[in-house]
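Below: the structure, in structure tokens.
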Amino acid sequence: MRSLSLLSVLLFAFGASPLAAAPARGLDIHFIDTEGGAATLIVTPAGESVLIDCGNPGARDAERIHKAATAAGLDAIDHLIITHWHSDHYGGASRLAKLMPIRHFYDRGIPEKLDEDPKNFPLLIEAYREASKGKSKALKAGDVVTLKQTEGAPEVRLFCLCSCGEVIPDKPGAEKNPIAKDHKPQPIDKTDNARSLGFLLSYGGFRFLDLGDLTWNVEYKLIHPSDKIGPVDVYQVTHHGLNNSNNPVLIRTVRPRVAIYNNGARKGCHPAVTATLRRIDGLKAIYQMHRNLTVGAQENTDPDYIANPDEKCRGESIRLAVAADGKNYTVTVGSKGRPHRYETRAAATKDGL
Ligand SMILES: [Zn+2]
């Protein structure tokens, strides 16, 4: 007792609390396998959790998310964000809400109906309304999701770049993006993909892009006439890597260092998207949630960078850990992988971003 009080006095005298002695934690991102759906779990240095999308309806995806969240020390999801109303993104919400509390819900706004899914939408949206107790918040381009900050740590910021097909405005006088002239328009996408919420998550110098299932022509709006995103460290390959998303003019503009596919064994990870990524100067690695069984070895990434090589998988995830100072990060594939380490762009270049 006596030594403890002496320690307390000393800590008090030096202006430190016993907590300050613990090593500072950084920012973690868990890419959870939902077999062609999306579930990206972010845990901030303050221990706050943000889940962007929550997989398919049924037990499997909700249970995998719950397991990953529990392993990350979470007893609740603080913020659940649904990028758009396709069942591989919001179908797991009601089941997950039964497994653990979800404190705040965000989406692009709830439509009256969804033309491309008239059968499932009414049931699934009812379950979502029930889980969220009708209190979800609609996000629009330019909104920031308020997150707790940690004293002495870099700022963690989750910024909404697009919603309902609208993107953040160009800054007055912003330079024109020369890459945008290579855009080849595609027919207008009338599905909800085009209305996806899209986010830029930053932590110090680290920048991560998650655009949900945003499609081609709206991707173009994000980088035309000026680039409204800037270079990123890590790119969650949009729309599971389907080729009606991942407009090369966007990828060439944001020029990621690391790309992570949340693909399924037979969904996404399109060879044309992989080809676009491989042409990016400075790209260090491509990670895949699943081996793409529909193409050969050449069109898949290195086997060490694939979390689930077989169709009958164990739902292995990909984990990204950003150092407390935001200057570097590691990516680890599955439960047995070894961490691959990368410097953030801001730390690697003299002129920052
Ligand atoms: Zn999807």
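Predicted model only: the values in this text are computed from it and were never measured. Just so you know, ligand 1 is whichever comes first in the structure, and atom 1 is the first atom listed for that ligand.
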With the Zn ion (ligand 1) as the reference point, give the N/O/S atom of [X] that is nearest.
X: His89; value: NE2
X: Asp213; value: OD2
X: Asp88; value: OD2

N/O/S of [X] less than 2.8 Å from the Zn ion (ligand 1)?
X: Asp53; value: no
X: His240; value: yes
X: His239; value: no

Item to complete: Could you tell me whether the side chain of His104 reaches within less than 4.5 Å of the side chain of His79, counting heavy atoms only?
Response: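 His79 vs His104: side chains touch.
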
Worksheet item: Is it true that the side chains of Asp170 and Ser226 contain a donor and an acceptor less than 3.5 Å apart?
Response: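 Yes, Ser226 and Asp170 have a side-chain donor paired with an acceptor closer than 3.5 Å.
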
Worksheet item: Is it true that atom CG of Leu293 has more than 12 heavy atoms of other residues, nucleotides or ligands lying nearer than 6.0 Å?
Response: yes

Fill in: Output field: ring centroids His240/His89 closer than 6.0 Å
yes

Worksheet item: Using the ring of each side chain (for Trp, its six-membered ring), is Trp216 parallel, tilted or perpendicular to His183, with breaks at 30° and 60°?
Response: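 Because their plane-to-plane angle lies in the 30° to 60° range, the rings of Trp216 and His183 count as tilted.
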
